[in-house]
Amino acid sequence: MKVYTNFGILPPIFVLPTFAAFVIGFLWPFIWGIYLSFCKFTTVNDVTFVGFSNYSKILLDNTFSHSFWLTVVFAFVSSILINVLAFSIALVLTKGYRGTNAFRTVFFMPNLIGGIVLGYIWQTLLNGLLSKWGQPLLSLSARNGFIGMLILLMWQQIGYMMIIYIAGLNNVSPDLVEAAQIDGATNRQILFKIKIPMIMPSVTICTFLTLTNGFKMFDQNLSLTGGDPGKQSQLLALNIYDTFYARSGAQWKGIGQAKAVVFFLLVVAIALIQLRATSSKEVQQ
C-alpha cells in the first residue's frame, strides 16, 4: 500500500502551534498594551481613547522623572561593577588553582534564588549592620537604599556573568598567550591586548544582560526598600507598578500603561546602542 504525503505543507503545520502561542501570548498583549497607553480605563471592558493625554501627564509626574534618572544611574553603575568583578573572579578561577569548581558553584548559587527572597534576606542583613553602626535603615535613607540595591544585584548577578567570562577565557588559545610571553609581553599586555579583545563576544552578552537587568529590576526593589523613603529609592519598574496599582482613579492606569511603553522604548534603545558599540569591537578583532 502506498502512502502519499504532501511534504510541502508539513513545515507550516509544525510551526503553526508555536506561531499561535507567540501571537496569543506576546504579540496581541503587546499591541493591546500600546493601545491602552492612549486610553483612560479601569478594566479592559471600560476603555476611553484619550490620545496623547497620558504621555503628556508623565512629564508632570515628578516621581517618574526621579525614578527615570535614578534607574539610568543604577543600571550603568551596577553594570560596570558587576562586569568588572565578574571578569576579575573569572580571571582568577581560570588560573588552575585547586578548588575552583567549588568556588564557581558558590558564586553562581545566588542567581538561583528569587529576587523577592533575596530582597528580604538582604533587608534583614543590611538593616542589622546599619543599626549596629548607628546609620539610617534602608527605608529611611535613599542613599543607603541605593547602595543596598547595588549590593544585592551584584551579589545575585556576578556568578552568572562569571560563568560566561570563564567560558570566554577558556576559549582563548594558549598558543597565542605563549607566543606573546615568548615575545616578552607582560601580564598586563597579555590581558588588555589578547585576552580582553578575544572575549569581546562574552563582554557583549554580559553587558547587555547586566544593563537590561539593572533597568528592569523590580522585585528586589520592592522587597528591599519598597521605594522608601518617600519614593526616593523607587526605580522605574516599581514606579510604573505604583502608578498602575497604588494610585486611585481611572486616569492613573492609562498613565501607568504609558509609562510602561516609555520604559520599554528606553530599554530597547539603550540595549541596541550597547549591542552596536560592543559588537563593533568584535568585528575589529
Side-chain angles (χ1 to χ4, degrees), residues 19-76 78 114-120 123 138-140 142 145-146 148-149 152-153 211-273:
F19 179 73
F22 171 75
V23 172
I24 297 172
F26 173 78
L27 188 59
W28 172 245
F30 178 75
I31 295 173
W32 183 245
I34 293 177
Y35 172 73
L36 288 178
S37 70
F38 296 96
C39 300
K40 177 181 177 181
F41 64 96
T42 52
T43 67
V44 293
N45 296 320
D46 180 22
V47 177
T48 303
F49 186 80
V50 294
F52 287 92
S53 175
N54 291 332
Y55 289 91
S56 63
K57 291 176 181 177
I58 292 177
L59 302 176
L60 304 176
D61 188 351
N62 294 329
T63 64
F64 179 79
S65 59
H66 174 79
S67 296
F68 176 89
W69 291 113
L70 183 67
T71 305
V72 170
V73 174
F74 178 81
F76 280 96
S78 63
I116 287 286
V117 177
L118 284 180
Y120 285 121
Q123 182 191 67
L138 297 173
S139 60
L140 300 177
F146 183 86
M149 289 189 291
L152 190 160
L153 191 63
L211 267 178
T212 54
N213 287 339
F215 274 103
K216 296 187 301 179
M217 194 172 91
F218 167 74
D219 42 3
Q220 299 96 322
N221 187 195
L222 177 64
S223 56
L224 188 69
T225 68
D228 293 327
K231 302 182 181 180
Q232 293 301 301
S233 66
Q234 193 178 72
L235 297 180
L236 202 49
L238 183 57
N239 179 264
I240 295 170
Y241 173 85
D242 180 73
T243 302
F244 200 91
Y245 290 105
R247 299 187 184 184
S248 60
Q251 75 276 9
W252 287 109
K253 292 190 181 297
I255 295 172
Q257 196 68 36
K259 286 183 179 182
V261 173
V262 173
F263 179 50
F264 169 77
L265 295 175
L266 171 68
V267 173
V268 169
I270 292 178
L272 290 176
I273 293 171

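A heavy-atom distance below 4.5 Å is found between the side chains of Tyr35 and Val47. A heavy-atom distance below 4.5 Å is found between the side chains of Ser223 and Ile116. In this structure the side chain of Phe264 never reaches within 4.5 angstrom of the side chain of Ile34, judged on heavy atoms. The closest side-chain heavy-atom distance from His66 to Gln232 is below 4.5 Å. Proximity of Leu266 to Leu236: side-chain heavy atoms (C-beta onward) are separated by under 4.5 Å at one or more points. Put simply, the side chain of Phe41 does not reach to within 4.5 Å of the side chain of Asp46, judged on heavy atoms. Under the 4.5 Å side-chain criterion, counting only non-hydrogen atoms from C-beta, Gln257 is not in contact with Asn54. Considering only heavy atoms from C-beta on, Ile58 comes within 4.5 Å of Ile255 through its side chain.
Considering every non-hydrogen atom in both Met217 and Ala237, the closest pair reads O-CB, 3.7 Å. Annotation for Thr225 and Ser233: closest pair OG1-OG, 3.0 Å, computed over non-hydrogen atoms. Nearest approach of Ser78 to Gly214, heavy atoms of both residues: OG-CA, 4.3 Å. Residues Pro229 and Ala142 come closest through the heavy atom pair CD-N, 3.6 Å. Looking at every heavy atom in both residues, Ala271 comes nearest to Thr212 through CB-CG2, 4.3 Å.
Listed for the Asp228 side chain is no donor-acceptor partner under 3.5 Å among the backbone atoms of Leu140. Put simply, the side chain of Asn221 never gets that close to the backbone of Met149: no donor and acceptor are under 3.5 Å apart.
Expressed to the nearest 0.5 Å, how far CG of Leu222 lies from CG of Leu235 amounts to 11.0 Å. To the nearest 0.5 angstrom, Thr63 atom OG1 is 7.0 Å from Asp242 atom CG.
Using bins of under 30°, 30° to 60° and over 60° for the plane-to-plane angle, the ring pair Phe64/Phe68 lands in the tilted bin. The aromatic rings of Phe52 and Phe38 lie perpendicular to each other, with more than 60° between the two planes, well past the 30° mark.
More than 12 heavy atoms of other shown residues, nucleotides or ligands fall within 6.0 angstrom of atom CZ in Phe49. Open room surrounds OH on Tyr241; 12 or fewer heavy atoms of other groups in view lie less than 6.0 Å from it. Applying the 6.0 Å contact sphere to CH2 of Trp69 captures no more than 12 heavy atoms from other residues, nucleotides or ligands.
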Run the side-chain contact (heavy atoms from CB on, under 4.5 Å) check on Val262 and Tyr55 step by step: do they pass? CA-CA 9 Å; Val262 173; Tyr55 289 91; 3.9 Å; yes

Would Ser65 and Asp61 count as a side-chain hydrogen bond (donor to acceptor under 3.5 Å, both in side chains) if you check the C-alpha gap in whole Å, the side-chain angles of each, and the deciding distance to 0.1 Å? CA-CA 7 Å; Ser65 59; Asp61 188 351; over 6 Å; no

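Annotation: ring pair (Phe, Tyr, Trp, His ring centres under 6.0 Å) contacts of Phe263 (sequence neighbours excluded): none.
Tested against Ser67 for a side chain to side chain contact (heavy atoms under 4.5 Å, CB included), the candidates Gln234, Lys259, Lys231 yield a single pass: Gln234.
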